[in-house]
Amino acid sequence: MQQIALDIRLITGPTLKNFLAGPNEAALRHIELWVGKKASAATRSPVPCYLWGSQGSGKTHLLKAAKLALREQDATVGWLDADVTEPPEFNENWAAVLMDNVHLYSVMQQHAAFNWFVNAQTHQRAVLAAGASPPADLKLREDLRTRLGWGHVFQLQILTEAQRRAVLGQEADARGFVLSDEVVDFMLHRFSRDLASLMELLDLLDGYAMQTKRAITIPLIKSMMENS
């Protein structure tokens, strides 16, 4: 059988449009306003925003989506996460500062984050940060911890299995096909259960089903895995 190359370019990165909010609607709407095209570095609210929640709740998705939205407006941003071992100096041209997984920051990263925060406030630049714990519970230097908590704070919730099932069904309906309960069970128990991964899988299944002119069934998923 001829193998069919899957076009993984169909998979988009994290965007605000493909963030499935569920119980996190308030956080999504706040960030949509924050990165709105009518805003600018001069008019965007300098009040910081902090997102917290357990792994898989969508914190990194929202930060990367905000970063992409700003870059699409030709705005440059400062980005800091636990993998950035040598943080750059604050740049006055940045429209905003984004800091992910702050609970994992080393002493050096905390120093850089505090410096970025102070400069962002001085130059009226926006700050969007995320961590695993509420600000009061962060094991960070006190001056950084308190700054992370003085603005808007949103707790992100992981969608329940029932909500994930509902989202998969809605997405399938929007694409013009139906997912059986057996297929949804297979997807939830054999693949990563976070929504971003499930949506990427749905994209691939949709494309593979169209290429092979077959319905989406468990055998089709196994065939796609064998031929990818």
Side-chain angles (χ1 to χ4, degrees), residues 14 16 19 21-36 39-71 73 75-159 194 196:
L16 294 176
F19 180 76
N24 304 312
E25 185 77 17
L28 174 62
R29 296 298 168 232
H30 178 82
I31 294 174
E32 285 178 334
L33 290 173
W34 186 75
V35 300
S40 67
T43 62
R44 187 168 287 110
S45 173
V47 177
C49 178
Y50 177 74
L51 311 174
W52 70 275
S54 56
Q55 184 176 357
S57 58
K59 304 183 301 295
T60 297
H61 183 120
L62 284 175
L63 259 67
K64 289 185 175 180
K67 178 182 178 181
L68 175 63
L70 291 172
R71 286 188 169 177
Q73 300 172 38
T76 58
V77 300
W79 176 273
L80 180 62
D81 60 37
D83 294 327
V84 179
T85 55
E86 296 184 6
E89 294 295 324
F90 180 86
N91 188 328
E92 293 183 17
N93 293 321
W94 289 343
V97 165
L98 292 87
M99 300 184 287
D100 195 18
N101 288 324
V102 298
H103 58 287
L104 299 176
Y105 282 7
S106 66
V107 172
M108 181 181 67
Q109 289 165 337
Q110 291 180 51
H111 175 78
F114 176 72
N115 177 271
W116 285 17
F117 214 119
V118 170
N119 276 283
Q121 290 178 305
T122 300
H123 296 283
Q124 295 289 286
R125 298 293 187 264
V127 177
L128 176 61
S133 305
D137 296 339
L138 290 170
K139 307 302 181 183
L140 300 173
R141 51 188 284 179
E142 184 67 9
D143 50 9
L144 174 60
R145 186 190 64 77
T146 54
R147 279 172 170 77
L148 288 169
W150 75 262
H152 302 285
V153 177
F154 295 93
Q155 179 182 7
L156 300 187
Q157 305 285 345
I158 295 177
L159 269 64
D194 67 276

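- With sequence neighbours excluded, no residue satisfies salt bridge (charged side-chain N to carboxylate O under 4.0 Å, His left out) with Glu86.
- Remark: Glu25 pairs with Arg29 by the salt bridge (charged side-chain N to carboxylate O under 4.0 Å, His left out) rule, at least two apart or across chains.
- Shown are Trp94, Trp79, Phe90; of these, the ring-ring contact (aromatic ring centres under 6.0 Å, His included) with Trp116 is made only by Trp94.
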**Item:** Worked verdict on Phe117 versus Leu148 for side-chain contact (heavy atoms from CB on, under 4.5 Å)
**Value:** CA-CA 9 Å; Phe117 214 119; Leu148 288 169; 3.9 Å; yes
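- A donor-acceptor pair is defined here as one N or O able to donate and one able to accept, closer than 3.5 Å; no such pair exists between the side chain of Arg147 and the backbone of Phe114.
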**Request:** May I have the step-by-step check of side-chain contact (heavy atoms from CB on, under 4.5 Å) for Trp34 and Cys49, ending in yes or no?
**Result:** CA-CA 10 Å; Trp34 186 75; Cys49 178; 5.8 Å; no
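- Taking 4.5 Å as the limit, every side-chain heavy atom of Val97 sits out of range of all side-chain heavy atoms of Arg125.
- In plain terms, the two heavy atoms of Leu128 and Ala66 that are nearest each other are CD2-CB, 3.9 Å.
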**Request:** Kindly indicate, with the supporting measurements, whether the criterion side chain to side chain donor-acceptor pair (under 3.5 Å) is fulfilled by Thr60 and Asp100.
**Result:** CA-CA 7 Å; Thr60 297; Asp100 195 18; 2.6 Å; yes
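- Here the OH-CG distance, from Tyr105 to Asp81, works out to 6.5 Å after rounding to the nearest 0.5 Å.
- Closest non-hydrogen pair, Ala130 versus Lys59, comes out as CB-CB, 3.9 Å.
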**Message:** Pair Ser54, Ile158 - check side-chain contact (heavy atoms from CB on, under 4.5 Å), show working.
**Reply:** CA-CA 8 Å; Ser54 56; Ile158 295 177; 3.1 Å; yes
**Message:** Using ring pair (Phe, Tyr, Trp, His ring centres under 6.0 Å), reason through Tyr50 and His152 one step at a time and then give a plain yes or no.
**Reply:** CA-CA 6 Å; Tyr50 177 74; His152 302 285; over 10 Å; no
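- Within the model, atoms CG of Leu104 and CD of Gln110 stand 10.5 Å from one another, a figure rounded to the nearest 0.5 Å.
- The distance from the CG atom of Leu98 to the CG atom of Leu70 is 6.5 Å, given to the nearest 0.5 Å.
- For the atom pair CD (Glu89) and CG (Asn115), the distance works out to 6.0 Å, reported to the nearest 0.5 Å.
- Considering every non-hydrogen atom in both Leu80 and Val84, the closest pair reads CD1-CB, 3.8 Å.
- A distance-only check finds no donor-acceptor pair linking the side chain of His123 to the backbone of Glu92 [under 3.5 Å].
- By the side-chain contact (heavy atoms from CB on, under 4.5 Å) test, Leu28 is found to be paired with Leu16, Phe19, Ala21, Glu32, Leu62, residues two or more places apart in sequence or in another chain being considered.
- The distance from atom CE of Met99 to atom CD of Gln109, rounded to the nearest 0.5 Å, is 11.5 Å.
- Note: Ser106 OG to His111 NE2 = 11.0 Å, rounded to the nearest 0.5 Å.
- Residues Gln157 and Pro23 share a closest heavy-atom pair of CB-CG, 3.8 Å.
- A donor-acceptor pair is defined here as one N or O able to donate and one able to accept, closer than 3.5 Å; such a pair exists between the side chain of Gln73 and the backbone of Val35.
- Counting only distance, with no hydrogens or angles, the side chain of Lys67 and the backbone of Thr76 share no donor-acceptor pair below 3.5 Å.
- Leu63 pairs in a side chain to side chain contact (heavy atoms under 4.5 Å, CB included) with only one of the listed residues (Leu51, Leu68, Val77, Asn101), which is Leu51.
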